[in-house]
Protein chains: 2
Amino acid sequence: MALVECVPNFSEGRRPEVVEAIVAAIRAEGVYLLDTQMDHDHNRSVVTFAGEPQPVVEAAFRAIETAARLIDLDAHVGQHPRMGAADVVPFVPLRDISLEACVELAHALGERVAAELDLPVYYYEAAALRPERRNLADVRRGGYEALKKELGSNPARVPDAGPSRVGQAGAVLIGARGPLIAFNAYLNTDNVEIARSIAASIRESGGGLPRLKALGLLVGGRAQVSMNVIDFRETGLFAIMEALRREAARHAVEITHTELVGLIPQAALLNTALEYLQLPLEVRSHTLENRLGEVTGDYREVPFR
Amino acid sequence: MALVECVPNFSEGRRPEVVEAIVAAIRAEGVYLLDTQMDHDHNRSVVTFAGEPQPVVEAAFRAIETAARLIDLDAHVGQHPRMGAADVVPFVPLRDISLEACVELAHALGERVAAELDLPVYYYEAAALRPERRNLADVRRGGYEALKKELGSNPARVPDAGPSRVGQAGAVLIGARGPLIAFNAYLNTDNVEIARSIAASIRESGGGLPRLKALGLLVGGRAQVSMNVIDFRETGLFAIMEALRREAARHAVEITHTELVGLIPQAALLNTALEYLQLPLEVRSHTLENRLGEVTGDYREVPFR
């Protein structure tokens, strides 16, 4: 059975009734709701669900329709960059489905969002139609406000599908990608400049770690390094944590705790443990569960290695 | 289905044909052979298998019989403490079975080994009949050589089952316990005294970490801290690795790499990652696999928390 994951992010993290309406729109036969996280400070929510391709795409469409109806970006305030009510809608291949197939799902959903909801759609990451739109941060630069100013006038803003005008629901960024990990580290300071400086030095765009994105934010009065780990198989959490601690020490601050947004593939945690413990990565397949699963068939891990 | 694990250790790590004969004796309908590790330096092998209680106990008996027939402790040399050809035979509850039920399996096996193989049997850990025999290290102190000298004369040596005399197969230590982790750290020195000093300061008996046993050995010309983590839920690999690195630094040496003997419960690696990453342990149940398993039923982890 093909299993695809969808992890839409919505620009609402303060009104539970709105998030509940979106989740209710996602619920359906054949759709496995895995996780919902509301973030009051970022005023943003992340829903994780999975299932076979068709019901998952249908659920994603209903969620976008509901968010566009209930969220007004002209009234939205929050730390996190965003361009739409349903801001980003990525598809992730879990089992028995390819990234290419997920790209097709993204494009099919985008066509339908453009045709039936009359919203501008941009494709990003593996689903991008233009190289300059692969990187989500580039597509979203300036957020909803910049899009409102430029859409219709700036040819670089012409959407991949849908109208070249924007309403209070903004635009929808639809993508296909591997298992991204959203990982935030809190510092024992309220000086956001330190978080920004640490973020700038560890992220790929600053010559830091490959496939790592990082921003410095002020969240609940605490400086936070907010990160997207695009491919933990290339840059894992161990390398990131070591870099964070090294940079924090340079600024004479400490990491008080960290948090994940959404779900994390087990392999990302197992790899972190093995690197920290100086064990060979082959031990990955040498856990009791993996061996039991191999011989009894009673355990399958999503094969993110 | 009740699932019990058995992890017998045999005093042979150099003659593959002997270990193969033991493994062949274990193989049977309803017995899942999970892992076999031969250690040339320790001249010792560890076999891990699991299944429903009855076939597992039967397989353990056949393995003890085979080892007793093929291994001569008068001819055995090796670093690791040992008292028998089939040296230790612990049962571990995995699923739908209690530790108490594993104690009964240990006693039933011991009675049979005493009656049919005429070998002295000692029960240890949860299967111990005397408090002073709970700790394996105490039961095994002085190894086969001391046992040969004292059995029959020293009343403290009277076995829990079987004869008070010892042949070249030695004695069998049969136990029931939770998920022990055998974890070894290699140092960048051939000075075994440093390994002994580090071991002495981190183990419980030296006032170190609870439920941690540690020895300093010279293995393949390298100083090695050889450890048994009796219950990783009490003292996990993160606390152990931090203690090892701190003590190594005090002796101006470094850990070059580590190794596991046998299989490790996934939870022990996941907990290590979460502690290292300063994430809350609740994230344990927040992996993609756990959530998928909960909603699809397509994944069960052995619940070592």
Side-chain angles (χ1 to χ4, degrees), chain A residues 1 3 5 31-35 37 48-51 92 94-95 179 183 185-186 237-238 240-241 244-245 255-260 262-280 283-284 286-296 298-302 304, chain B residues 1 3 5 31-35 37 48-51 92 94-95 179 183 185-186 237-238 240-241 244-245 255-260 262-280 283-284 286-296 298-302 304:
Chain A
M1 171 186 108
L3 194 63
E5 180 188 39
V31 175
Y32 301 115
L33 184 66
L34 299 178
D35 186 56
Q37 280 184 36
T48 306
F49 58 98
V92 183
L94 293 187
R95 292 179 189 154
F183 179 57
Y186 289 85
L237 295 179
F238 179 74
I240 292 166
M241 201 65 182
L244 280 170
R245 292 202 170 114
I255 298 166
T256 57
H257 64 291
T258 67
E259 70 184 7
L260 294 168
L263 301 172
I264 183 166
Q266 213 159 241
L269 292 175
L270 294 173
N271 291 354
T272 300
L274 297 180
E275 289 178 69
Y276 167 74
L277 293 170
Q278 294 177 252
L279 283 166
V283 174
R284 284 282 295 104
H286 219 70
T287 62
L288 179 59
E289 286 80 1
N290 272 333
R291 287 293 299 129
L292 268 175
E294 282 167 30
V295 296
T296 66
D298 186 5
Y299 165 69
R300 277 172 81 198
E301 189 181 20
V302 179
F304 296 142
Chain B
M1 170 187 112
L3 194 63
E5 180 188 40
V31 174
Y32 302 114
L33 184 67
L34 299 178
D35 187 56
Q37 280 184 37
T48 307
F49 59 98
V92 183
L94 292 188
R95 290 178 192 155
F183 179 57
Y186 290 86
L237 295 179
F238 179 74
I240 292 166
M241 200 66 183
L244 280 170
R245 291 202 170 114
I255 298 167
T256 58
H257 63 290
T258 67
E259 70 185 7
L260 294 168
L263 301 172
I264 183 167
Q266 214 159 242
L269 292 175
L270 294 173
N271 291 353
T272 301
L274 298 179
E275 290 179 68
Y276 167 73
L277 293 170
Q278 294 177 253
L279 282 166
V283 174
R284 284 280 295 104
H286 219 71
T287 62
L288 179 59
E289 286 79 2
N290 272 332
R291 287 293 297 129
L292 268 176
E294 282 166 30
V295 297
T296 66
D298 185 5
Y299 164 69
R300 278 173 80 198
E301 186 180 23
V302 179
F304 297 140

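Throughout, protein chains are lettered first and strands after them, A, B, ... in sequence-line order, and every chain is numbered starting at 1.
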State, with a plain yes or no, whether a side-chain heavy atom of A:Q266 is found less than 4.5 Å away from one of A:T287.
-> no

Side-chain H-bond candidate by donor/acceptor type, A:Q278 with B:Y186, under 3.5 Å = no

Under a 4.5 Å cut-off applied to non-hydrogen side-chain atoms, are A:F183 and A:M241 in contact?
-> yes

Of A:T48, A:L237, A:I240, A:I255, the largest count of non-hydrogen pairs under 4.5 angstrom with chain B goes to A:I255

Hey, which of A:A273, A:G262, A:A50 has the most heavy atom pairs under 4.5 Å with chain B?
-> A:A273

When B:T258, B:L33, B:L274 are compared by non-hydrogen pairs under 4.5 Å with chain A, the top option = B:T258

Select, from A:L269, A:T272, A:L34, the one with the greatest count of heavy-atom pairs under 4.5 Å involving chain B.
-> A:L34

Please state whether the side chain, the backbone, both or neither of A:F238 comes within less than 4.5 Å of a heavy atom of chain B.
-> both

Does B:L288 reach the side chain of A:L94, with side-chain heavy atoms less than 4.5 Å apart?
-> yes

Which heavy atom in B:L263 sits nearest to a heavy atom in A:R291, and how many Å separate them?
-> CD2-CG, 3.7 Å

What heavy-atom pair brings A:N271 and A:R284 nearest, and what distance separates the two atoms?
-> OD1-CD, 2.8 Å

Sort A:L244 into side chain, backbone, both or neither according to what part of it lies under 4.5 angstrom from a heavy atom of chain B.
-> neither

Find the one option among A:I264, A:V283, A:T256 whose heavy-atom pairs under 4.5 Å with chain B are most numerous.
-> A:I264

